[in-house]
Amino acid sequence: MKRLIIVESPTKAKTIKKLLGDSYKVVASFGHVVDLPTDRMGVDIGGTFDPEFCVIKGKAKIISELKRLCREADEVYFASDPDREGEAIAWHLKRIIGLDNKVLRITFNEISKEAIEEALKKPRDIDLNLVGSYLARRVLDRIFGYSLSPLLWRRFKSGLSAGRVQSVALKLICDREREIRNFKVKEYYRVKVKLVDELKREFFTYVTRYRGKKVDKIESEELARGIANLIKSGSIYLFDVIEKLKKEKPPPPFTTSTLQQSANSMLGYPVSLTMRIAQDLYEGLDIPGFGRRSLITYMRTDSTRISEKAAKSLKDFVRNLYGDEYVGKIKPRNVRFKNVQDSHEAIRPVNVFLKPDDISGRVKKEHWKLYELIHRRSVASSMSEAKILVKTFLFRLDPFDLELETKRQLLVFDGFYRVWRTQGFDEDLSLTKGRKVEVVDLEVEKEKTEPPPRFTEASLIKVLDEKGVGRPSTYAVIISTLLKRGYVERKKKTLVPTELGIRVCELLELLFPDLMDVKFTSQMEEGLDRIASGESSWKDVVKVFYDRFEWDYRKAMEAVKNNDI
DNA sequence: CAGTGAGCGAGCTTCCGCTTGACTT
């Protein structure tokens with residue numbers, strides 16, 4: 001009995017092969033093998049909406065090889081990812097290979113011997129509802145992209161592009177730029193007082209209230225100076241100390257988006273570099289003394305889930321290194337329940353016990369740094385909560401009705417902060433309630449309100465991820481598209497819209513306000529969910545969205561042709 | 001007669017999402 005398993009990725013194939021031994025042949029399709037044609041719409045717009053699928057350039061060889069292997073096999077299992085695109089890949093393969101009788105679909109959320117064997121026991125048919133949701137997604141993206149882009153060629157210049165994802169990303173950047181440009185800088189004053197505690201340590205406080213009113217940001221310089229003068233003629237005493245115990249939860253393990261964010265802000269890696277290195281770590285490196293090793297799990301994921309086995313290893317690791325009290329109490333509660341398609345685990349080390357120190361100097365510095373980051377984050381995610389005591393010291397000024405305040409964040413128990421420190425903490429102050437405090441220095445500070453910051457690659461991806469726009473495999477591509485089209489430029493670490501970017505964005509906002517709203521994708525996702533659950537047919541959903549679009553589009557094309565806009 | 005230049009027409013660009021190598025810089 002010859003049995004064949006087809007998956008998307010050659011690395012996944014290799015792993016499964018190792019787990020199952022010789023009884024199965026495991027091969028990869030290298031992602032999608034068919035898609036809409038690139039040189040034309042390829043969709044029967046306004047009619048049946050039937051898509052025209054073609055073999056993707058360069059994939060013909062893979063297909064013929066798969067066909068050959070399928071012919072030789074008695075049973076064929078499609079084991080692509082358990083999500084929308086995975087189901088679509090299986091569906092396309094089945095159609096193109098054309099061997100209906102012996103084709104079976106299996107899915108598993110974890111690449112382990114048990115999970116795969118379990119899946120092999122209960123193969124199912126291809127889920128046509130899920131495939132329908134893919135078809136709707138694919139067709140709508142094509143219609144929007146291949147209609148809007150030519151509009152821009154006509155209005156601006158050849159080669160430009162627009163689409164559901166990239167145009168929303170562009171709008172986020174342009175909106176922020178507008179906010180910055182329209183920002184009215186406000187000046188204000190603060191009265192800053194340097195005091196000394198009972199151990200002669202200096203610290204700052206700010207005046208917060210005067211005659212029952214908040215005065216932490218004072219508009220008039222005179223008032224600020226007046227308050228400062230009061231302090232000169234009065235005496236400050238500690239009125240009260242308010243204590244609040246705060247528990248800080250550890251961060252979840254990395255997803256693609258959070259890895260890109262952390263690597264960008266902490267290591268300074270552009271998103272594209274992070275993905276290239278992560279791919280290397282995933283596929284495996286030759287490490288002197290260790291042989292060829294895959295260091296991390298799959299790097300394109302939006303799940304924070306971790307396999308039970310890995311979770312146990314992480315806890316053992318923490319217990320060995322830091323002791324029981326550092327082990328996280330709760331099970332992985334960091335799972336996000338939105339439209340998580342949850343086909344892959346979070347990004348974590350394959351083996352936590354392979355410490356970054358062990359491979360230091362044996363892999364490239366860039367690779368080492370990213371592995372260290374992933375390792376540390378995974379360890380932190382399974383550690384205990386930190387406990388922070390927030391102490392608010394309230395001072396008063398005798399004999400005036402004036403209040404000063406200073407806050408101290410004291411680390412009571414570091415917990416996960418032991419390995420994942422994102423903020424600093426303070427030392428306690430030695431002060432006694434009711435006792436007078438000596439003033440060392442007094443200052444009226446002039447401050448300015450700051451406009452919001454420009455997006456960095458990291459902060460843009462954070463927003464896109466939160467809004468559900470784009471997928472892990474496309475975050476990096478979105479940014480490079482905006483750069484390639486000349487819509488956006490890199491300045492230092494930030495993304496700044498160009499004149500062209502702003503004009504394109506304004507035109508699209510004017511003509512297609514629906515599409516340019518970040519809510520559009522989530523509305524579309526709702527429609528896709530209805531298809532997946534069998535409530536709607538994919539063509540009905542496409543029709544609804546298309547009709548909405550078509551009306552705007554006709555008007556828009558007319559206006560652009562007549563040079564009205 | 002050969003070279004130049006204006007003017008015209010044809011052909012191309014483009015989406016999002018899944019995956020690696022095979023290219024060049």
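In what follows, every chain begins at residue 1, and chains take the letters A, B, ... in the order their sequences are listed.
Nucleic acid contact class of A:Ala162 (heavy atoms, under 4.0 Å, all strands): sugar-phosphate only. Contact annotation for A:Arg485: backbone-only contact, meaning every heavy-atom pair under 4.0 Å involves sugar-phosphate atoms and none involves a base. Residue contacts for A:Thr38: at a heavy-atom cut-off of 4.0 Å it reaches a base atom on one of the strands shown. Counting any heavy atom pair closer than 4.0 Å across all strands shown, A:Leu152 reaches no nucleic acid atom. When heavy atoms are screened at a 4.0 angstrom cut-off, A:Asp39 is found touching base atoms of the nucleic acid. Residue contacts for A:Gly58: at a heavy-atom cut-off of 4.0 Å it reaches no nucleic acid atom on any strand shown. Note on A:Gly163: only backbone sugar-phosphate atoms sit closer than 4.0 angstrom, heavy atoms only; bases stay farther off.
Figure legend: A:Lys94 and A:Trp91 shown without cation-pi pairing, the cationic atom not lying both under 6.0 angstrom from the six-membered ring centre and within 45 degrees of its axis.
The nearest whole Å value for the distance from the CZ atom in A:Arg154 to the C1' atom in B:dC12 is 15 Å. Summarising the geometry, the separation between CG on A:Leu170 and C1' on B:dT14 is reported as 15 Å, rounded to the nearest angstrom. Atom NZ in A:Lys484 sits about 13 Å away from atom C1' in B:dC15, given to the nearest Å. Rounded to an integer number of Å, the gap from A:Lys14 NZ to B:dT19 P is 16 Å. With rounding to whole Å, A:Met41 atom CE is found 14 Å from B:dT13 atom C1'. At whole-Å resolution of the value, CZ in A:Arg84 and P in B:dG17 are 8 Å apart. Taking atom CD1 of A:Ile478 as the reference point, atom C1' of B:dC16 lies 9 Å away to the nearest angstrom. To the nearest angstrom, P of B:dT19 lies 15 Å from CD of A:Glu87.
Along DNA chain B, the nucleotide nearest A:Glu8 and the nucleotide nearest A:Gly159 are compared for position; the residue whose nucleotide lies closer to the 5' end is A:Gly159. Residue-to-nucleotide proximity on DNA chain B shows that, of A:Leu148 and A:Gln279, the 5′-proximal contact is made by A:Leu148.
Residue A:Thr474 has a polar side-chain atom (N or O) positioned under 4.0 Å from OP1 or OP2 of B:dG17. Not one side-chain nitrogen or oxygen of A:Ser9 sits closer than 4.0 Å to the OP1 or OP2 atom of B:dC18. One finds a side-chain N or O of A:Arg164 lying less than 4.0 angstrom from the OP1 or OP2 phosphate oxygen of B:dG17. In terms of phosphate contacts, A:Arg300 brings no side-chain nitrogen or oxygen within less than 4.0 Å of OP1 or OP2 of B:dC18. The phosphate of B:dC15 (OP1 or OP2) has a side-chain N or O of A:Ser161 nearer than 4.0 angstrom. Residue A:Tyr298 has a polar side-chain atom (N or O) positioned under 4.0 Å from OP1 or OP2 of B:dT19. Contact annotation: A:Ser473 reaches the phosphate of B:dC18 (side-chain N/O to OP1 or OP2, under 4.0 Å).
Annotation: A:Phe512 is not in aromatic contact with A:Phe520 [ring centroid separation under 6.0 Å not met].
Listed nucleotides: B:dT20, B:dG17, B:dT14. Nearest to the side chain of A:Pro150: B:dT14. When distances run from any side-chain atom of A:Trp153 to the nucleotides B:dC16, B:dT14, B:dT20, the shortest one goes to B:dT14. For A:Lys59, taking side-chain heavy atoms from C-beta onward, the closest of the listed nucleotides B:dG17, B:dT19, B:dC15 is B:dT19. Nearest to the side-chain atoms of A:Thr481 among the listed nucleotides B:dT20, B:dC15, B:dG17 stands B:dC15. Comparing B:dG17, B:dC15, B:dT19 against the side chain of A:Arg138 picks out B:dC15 as the nearest.
Evaluation of A:Phe144 against the base of B:dC15 yields no stacking contact (centre distance < 5.5 Å, interplanar angle < 30° required). Between A:Tyr146 and B:dT14, a base-stacking contact is recorded: ring centres under 5.5 Å apart, planes less than 30° from parallel.
Considering A:Trp538, A:Phe545, A:Tyr546 as possible partners of A:Phe49, the one that fulfils the ring pair (Phe, Tyr, Trp, His ring centres under 6.0 Å) test is A:Tyr546.
Aromatic ring pairs are classed by plane angle as parallel below 30°, tilted from 30° to 60° and perpendicular above 60°; the pair A:Tyr553 and A:Phe549 is parallel.
Between A:Glu509 and A:Lys171 there is a salt bridge, since a side-chain N of the basic residue sits under 4.0 Å from a carboxylate O of the acidic one. A salt bridge links A:Glu65 to A:Arg68: at least one charged side-chain nitrogen sits closer than 4.0 Å to a carboxylate oxygen.
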Symbol by symbol from the 5' end, with Watson-Crick or G-U pairs under 3.5 Å, [ ] crossing and | another strand, DNA chain B is .........................
Would A:Asp552 and A:Arg548 count as a salt bridge (charged side-chain N to carboxylate O under 4.0 Å, His left out) if you check the C-alpha gap in whole Å, the side-chain angles of each, and the deciding distance to 0.1 Å?
CA-CA 7 Å; A:Asp552 285 342; A:Arg548 253 168 73 181; over 6 Å; no
request  = Check the pair A:Arg138, A:Asp35 against side chain to side chain contact (heavy atoms under 4.5 Å, CB included), reporting the backbone distance first and the verdict last.
outcome  = CA-CA 9 Å; A:Arg138 184 67 192 90; A:Asp35 192 16; 2.8 Å; yes
Sequence neighbours excluded and cut-off under 3.5 Å, please list the side-chain donor-acceptor pairs for residues 115-126 of chain A, or say none.
from     : atom 1 : to       : atom 2 : distance (Å)
A:Glu117 : OE2    : A:Lys113 : NZ     : 3.2
A:Arg124 : NH1    : A:Glu87  : OE2    : 3.0
A:Arg124 : NH2    : A:Glu87  : OE1    : 3.2

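Within the structure, the ring-ring contact (aromatic ring centres under 6.0 Å, His included) test picks out the following pairs touching residues 117-142 of chain A (sequence neighbours left out): A:His32-A:Tyr134, A:His92-A:Tyr134.
Residue side chain A:Arg137 reaches the base of B:dC16 through a donor-acceptor N/O pair under 3.5 Å, judged by distance alone.
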